[in-house]
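Working notes, beginning with the structure itself.
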Amino acid sequence: MTMPSPVAPEWFAHQDTVSMARGLLGQLLVHSTAEGWAAGMIVETEAYRGPLDQAAHSFGNRRTRRTEVMFGPPGHAYLYQIYGLYVCFDVVSGPVGAPEAVLVRAVAPVENLPLMARRRGVWAESDLASGPGKLTQALGITMAHNGLPLWEPPLYLAHYRDPWPAHAIAAGPRRNIPYAGEAQHYPWRFWIRGHAAVSRPSGPAAER
DNA sequence: TTGTGGATCGCCT
DNA sequence: GGCGATCCACAAG
């Protein structure tokens, strides 16, 4: 497989955050480094809607060094570190001034599985990138990528397959946001129904 | 300047 | 299912 072409910059601008969260399912996330290029198909996302969303880092338009890129134009990478150990990857959405983003929670390995396995230190395909901290590690994405545009190398999105039929996409509450009040119940987590690469937290009734 | 806690993961029982 | 790792961003003062 040769490296796929990136999406056009306009793709990010013509949809709201929830639409983008759905639209990212089935797209390829590609990262090229000196070690080679690797890619995964996005199978799970979560929408975070800034000002009105208590779960979002930018809730109430909170503008800090960390949230700054979310206030900029859509289609850029928002990266943050969590628990001092892991990095999470978001796609900035919404127009300039609207601090919204989509968290990519899981990808299915598509290209260069050996490289992904080496970075992760595990070899089971279903464990390579089935979580937000796992996929950044598998693809070699770091805090240094914060703010980069996602329509050109080294880190970009590419169309991979046609949009999924509605019945193939499931929606439900987002993971691990107990502090978010009412917002913890909003059905803004989306995933490809039954896909093996969707994250599997240990909680009860972990729906996949 | 300091204290607090997190959009997670993997190992332990 | 429970818990520790590990550190940066944030807010308080």
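- R120(A) has a side-chain polar atom (N or O) that falls below the 4.0 Å cut-off from OP1 or OP2 of dG10(B).
- A donor-acceptor contact under 3.5 Å links the side chain of H57(A) to the base of dA7(B).
- Residue R63(A) is out of contact with every strand shown, counting any heavy-atom pair closer than 4.0 Å.
- E46(A) comes within 4.0 angstrom of nothing in the nucleic acid, heavy atoms only.
- Note that R189(A) lies in the cation-pi zone of W191(A), set by a 6.0 Å cut-off to the ring centre and a 45° limit from the axis.
- Taking atom OH on Y179(A) and atom P on dC10(C), their separation rounds to 13 Å, with Å as the unit.
- Summarising the geometry, the separation between CZ on R62(A) and P on dG6(B) is reported as 12 Å, rounded to the nearest angstrom.
- Atom P of nucleotide dC7(C) and atom CD of Q81(A) are separated by 8 Å, given to the nearest angstrom.
- Distance from the side chain of P132(A) is smallest to dT8(B) among dT8(B), dC10(C), dG10(B).
- Dense packing is recorded around CD of E152(A), with more than 12 heavy atoms of other residues, nucleotides or ligands lying under 6.0 Å away.
- The separation between E44(A) atom CD and dT8(B) atom P is 10 Å, rounded to whole Å.
- Between R189(A) and dA7(B), a side-chain N or O to OP1/OP2 separation shorter than 4.0 Å is absent.
- Taking atom P on both nucleotides, dA7(B) is separated from dG1(C) by 22 Å, rounded to a whole Å.
- Here the P atom of nucleotide dC8(C) and the CG atom of L79(A) are 15 Å apart, to the nearest Å.
- Evaluation of atom-type donor-acceptor distances gives no pair under 3.5 Å for the side chain of Y80(A) against the base of dA9(C).
- The distance between atom OH of Y83(A) and atom P of dT8(B), rounded to the nearest whole Å, is 5 Å.
- Counting only residues at least two apart or on different chains, no salt bridge (Lys or Arg N to Asp or Glu O under 4.0 Å) pair has a member in residues 73-83 of chain A.
- Base pairing analysis places dG4(C) opposite dC9(B); the two distances defining the Watson-Crick or G-U wobble pair are each below 3.5 Å.
- Atom CZ in F59(A) sits roughly 16 Å away from atom C1' in dC10(C) (whole-Å rounding).
- Within 4.0 Å of L103(A), counting heavy atoms only, lies at least one base atom of the nucleic acid.
- Here dA9(C) sits opposite dT4(B) as a Watson-Crick or G-U wobble pair (both hydrogen-bonding atom distances under 3.5 Å).
- When the P atom of dA7(B) is taken as reference, atom CE of M70(A) falls 11 Å away, rounded to whole Å.
- Proximity of N176(A) to the phosphate of dA7(B): no side-chain N or O atom is located under 4.0 Å from OP1 or OP2.
- Contact annotation: R105(A) side-chain N/O to dT8(B) OP1/OP2 distance is under 4.0 Å.
- Taking every heavy atom of both residues into account, V198(A) and A106(A) meet most closely at CA-CB, 4.3 Å.
- Within a 6.0 Å radius of CZ in R161(A), more than 12 heavy atoms belonging to other residues, nucleotides or ligands are found.
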